[in-house]
Every structure is written in structure tokens, then in C-alpha cells.
Amino acid sequence: MAALVSDSLAKENNDKASENSTIQVIGGHGTNSYSNNSSYQRLSANVVTKKIEDAIMKNLDVETLSSTSNIFRVADFGCGVGSNTINSMQDLLLIVEKKYISQCPTSSQMPEFQVIFNDQFTNDFNTLFTYLPQDKQYLVASVPGSFHNQVLPKSSLHLAHCSYSLHWLSRLPKELRDERSPAWNKGKIHYTSAPPEVLMAYATQFAEDLDNFLSARGREMVSGGMIVIVGSSIPDGMPYSQVVNGIMYDCMGSILMDMVKTGSISEADVDAFNLPIYACPPGEFIEGVERNGLFSIEVIELMNPAPWLKGPIDIPVFVKHVRAAMEGMFSNHFPSKAIDELFDHLVLKLSDISQQLESCYRDGLQLFAILKRK
């Protein structure tokens with residue numbers, strides 16, 4: 001659900017936050033760390049495992065791929081910290097092995113497998129690698145760097161995986177902080193409930209980011225290789241204010257403005273801060289892939305990201321997961337004392353509207369797509 005921070009100084013800090021938007025999870029093994037608060041993300045990933053298997057068994061031609069190399073490379077882009085990415089990569093390898101056995105039954109041996117973990121330079125790869133199993137049957141490498149750029153050699157990658165990462169923008173549109181712009185997002189921290197110019201600024205930046213991501217993967221990937229994409233989405237035409245995360249972002253903005261009144265933070269700090277998160281509707285995603293032209297869309301659909309969720313939402317646990325994933329963005333912009341105040345009040349505010357959150361929960365908020373390199 002939730003993957004489900006003087007004017008010049010605030011703008012400078014907000015630039016830093018947006019530049020590092022894909023790596024703002026809390027590392028290590030602490031109480032608020034992402035590794036200890038990412039079970040929702042793992043459950044969401046588990047929802048699509050069978051669909052990934054069906055797509056690979058149907059669309060990935062391992063016989064042709066193995067004819068050019070005896071090494072099969074898999075990469076997770078935006079891997080983050082914790083066991084989720086390790087488990088996802090092992091699931092993928094088991095599916096690929098199954099496809100090799102099915103398509104190449106007379107082959108004397110499997111190819112050598114290499115798994116590559118990619119995220120921003122500040123990602124806690126040391127913690128990530130503590131989750132690797134001792135008996136792993138594959139080679140491992142980490143490649144730091146923004147996945148909006150090329151990070152691997154040309155024509156070296158066979159299968160890419162990107163789960164709950166593409167919704168982080170590479171940077172925030174500058175017009176959100178320009179008082180002269182119709183997209184100036186004064187008093188708000190997201191495009192939820194904001195003027196249409198704000199939503200358009202977000203959508204335009206996402207379209208640019210998606211094109212850069214696909215172009216980079218296009219250079220890295222062999223012909224016939226595949227990308228598995230899982231992430232936040234929303235049905236075409238639905239306002240983001242009608243989903244749980246949208247309501248939560250509005251609550252965050254409201255809490256921050258209340259903190260302005262008490263003197264905890266300045267109004268300029270709030271005006272200069274925007275969450276670099278965009279949930280792309282499938283229509284826009286399809287347009288972006290077709291405009292880029294390097295990949296064909298083999299599968300695309302919207303899914304329920306949390307079919308296991310029954311009954312009331314455990315608000316304190318939910319907020320802990322949100323904090324683990326998002327605290328870095330806020331801490332780059334606001335004082336540490338203000339961060340505790342924000343999330344403490346968020347628990348209270350969401351608890352007061354828990355019935356509204358449950359009533360507005362929607363199916364079709366998780367995008368599942370399989371792309372194939374032409």
C-alpha cells in the first residue's frame with residue numbers, strides 16, 4: 001500500500017532530497033529500518049510471482065539467449081535494503097531454471113547465473129548482502145548508480161526486475177517551487193488535491209524518467225531480454241485523493257502546516273518540500289513505452305496489491321512501514337525532532353479516519369508489466 005521531508009536553504013535541501021529520491025529508505029537493522037519494516041512490500045511482490053512465472057515460461061526464449069552466452073544475467077533495479085530483493089531474485093532464478101529445463105531438455109548443463117543489485121550510491125549494500133544465503137548457486141555483484149542512466153555494459157543483460165521503484169522521480173519539477181508558476185505547490189507536499197498544473201508537472205517528469213529508464217535498459221539488454229515491472233499505479237482518470245496513499249499525503253501536508261503554526265518548522269520549509277512520488281496510470285505507461293520504441297509490451301494489467309488485507313488497517317504498523325521507506329526524504333529537509341512529531345501525529349490522524357481509509361481502498365493500484373527488448 002505504501003511500497004507500497006530561509007527560502008534559499010529550504011530549496012537547496014529540497015533539491016538534495018529529490019536528487020536522492022530513490023534511496024531514501026532507512027538502512028541497517030534498527031527499529032525503524034526498512035529491512036525490519038518492509039513485509040507489506042514483500043507481500044505485494046508475492047502477489048505477482050505466479051504471473052511472472054507464466055510470462056517467462058511463455059515469452060522468454062532461453063534457448064536463443066544461451067546460444068550467445070553461457071552466462072545468464074539478472075538485475076534488480078532499485079533493489080533497496082533487506083531480504084525482499086534477495087527473495088525476488090531467487091524466485092526469478094528458479095523460474096528461469098524451470099524454463100531452461102522445459103525448453104532445453106537435452107542441454108548438458110545450466111548456464112552460469114549472475115545476479116546484479118542496483119540502487120543509488122548511498123544504498124546500504126552492506127546490510128543487503130547480509131541476507132544472501134550461504135549456499136547460493138549464483139554469482140553476485142552490486143552496481144551503484146541511478147537506474148535512469150546506463151549502469152551495465154551494452155548487450156549484457158537478459159532479465160531485469162524493477163519492483164516499487166519507478167514511482168520515485170529522479171528530480172522534482174522546478175516549477176513546483178516557483179512562485180510565478182501555475183504549478184507552485186504552496187502549502188502542499190504532493191499533487192494529491194493540488195491544481196491540475198501540479199499534476200501535469202509530476203506526469204511530465206515521470207514521462208521523462210520512464211524514457212530514460214527504458215533507453216538505459218535498451219542499451220544494456222540483449223535482443224529478446226525482458227523487464228519485469230511491478231509498482232504503484234492508479235486506474236486511468238481516478239483522482240489520487242480517492243486512494244489511501246493520497247489521503248495519507250494530504251494528512252502529512254496538513255500536519256506539517258499545523259507544525260508551522262506551533263513554530264516547529266517554517267512555512268517556507270513546507271512550501272519548498274514536495275514528495276517525489278508519482279503513481280503512473282496504465283494509459284500513460286503504455287504511451288511512454290510505445291513512444292520510447294525499444295520494447296514491446298507482452299503483459300500489462302492492474303492488480304490488487306494487498307489481497308491478503310482483510311478487516312481494519314493496523315495504523316501504527318502501516319505508519320512504521322511508511323516511515324522506513326520515506327523518512328530520509330523528510331530528514332534531508334526538516335529537523336530531526338520534527339520528523340518524530342510528524343509521524344507521531346500521522347498515527348493519530350490516520351487512526352481518526354481509519355474507517356475512511358478502509359472504505360476508499362481500491363483494487364487496481366498495482367501495475368504489473370512485462371516488456372521485451374525488440
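Residues: numbered from 1 along the sequence shown. Heavy-atom basis, side chains included; hydrogens, waters and symmetry copies ignored. Computed from a predicted structure; not experimentally measured.
Of the N and O atoms on the side chains of Ser232 and Asn245, not one donor lies less than 3.5 Å from an acceptor on the other residue. In summary, the side chains of Glu298 and Ser296 do present a donor paired with an acceptor at a separation below 3.5 Å, with no hydrogens or angles considered. When only modelled atom types and interatomic distance are considered, Asp250 and Thr192 share no side-chain donor-acceptor pair under 3.5 Å. Counting only N and O atoms by type, the side chains of Gln103 and Asp61 include a donor and acceptor under 3.5 Å apart.
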* Full working for ring-ring contact (aromatic ring centres under 6.0 Å, His included) between His190 and Tyr202 -> CA-CA 9 Å; His190 192 244; Tyr202 270 88; 5.5 Å; yes
* To do: Dump the intermediate steps for side-chain contact (heavy atoms from CB on, under 4.5 Å) on Cys251 and Ile353, then the final yes or no.
  => CA-CA 10 Å; Cys251 286; Ile353 60 170; 3.8 Å; yes
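At least one donor-acceptor pair closer than 3.5 Å links the side chain of Ser266 to the backbone N or O of Asp269. Using a distance-only test at 3.5 Å, with no hydrogens or angles considered, a donor-acceptor pair links the side chain of Thr68 to the main chain of Leu65. The backbone N or O of Gly364 lies less than 3.5 Å from no partner atom in the side chain of Gln366, so there is not a single donor-acceptor pair. Using modelled atom types, one side-chain atom of Thr262 and one backbone atom of Met259 make a donor-acceptor pair closer than 3.5 Å. Side-chain N or O atoms of Glu220 include none that pairs as donor or acceptor with a backbone N or O of Gln150 at under 3.5 Å. A side-chain donor-acceptor contact under 3.5 Å links Ser88 to the backbone of Asn84. Distance alone, capped at 3.5 Å, places no donor-acceptor pair between the Ser181 side chain and the Asp178 backbone.
Within 6.0 Å of NZ in Lys186 there are more than 12 heavy atoms belonging to other residues, nucleotides or ligands. Annotation: Met200, atom CE; neighbour count of heavy atoms from other residues, nucleotides and ligands within 6.0 Å does not exceed 12.
Geometrically, Arg217 does not engage Phe295 in a cation-pi contact defined by less than 6.0 Å to the ring centre and at most 45° from the axis.
Classification of the Phe129-Phe117 ring pair by plane angle, with boundaries at 30° and 60°, yields perpendicular. Relative ring orientation between Tyr240 and Tyr191 is described as tilted, the plane-to-plane angle lying within the 30° to 60° band.
Atom CD1 of Ile56 is separated from atom CG of Leu159 by 5.0 Å, given to the nearest 0.5 angstrom. Between the CG atom in Leu256 and the CD atom in Glu267 there is a gap of 11.5 Å [rounded to 0.5 Å].
Taking the six-membered ring for Trp and the full ring otherwise, the centers of His158 and Phe72 sit less than 6.0 Å from each other. In this structure, Phe113 has its ring center no closer than 6.0 Å to that of Tyr138.
At a threshold of 4.5 Å between non-hydrogen side-chain atoms, the residues Leu346 and Arg323 do not count as touching. For the pair Ile277 and Tyr249, the minimum side-chain heavy-atom distance is below 4.5 Å.
We find that Lys98 and Glu53 are joined by a salt bridge, their nearest charged nitrogen and carboxylate oxygen being less than 4.0 Å apart.
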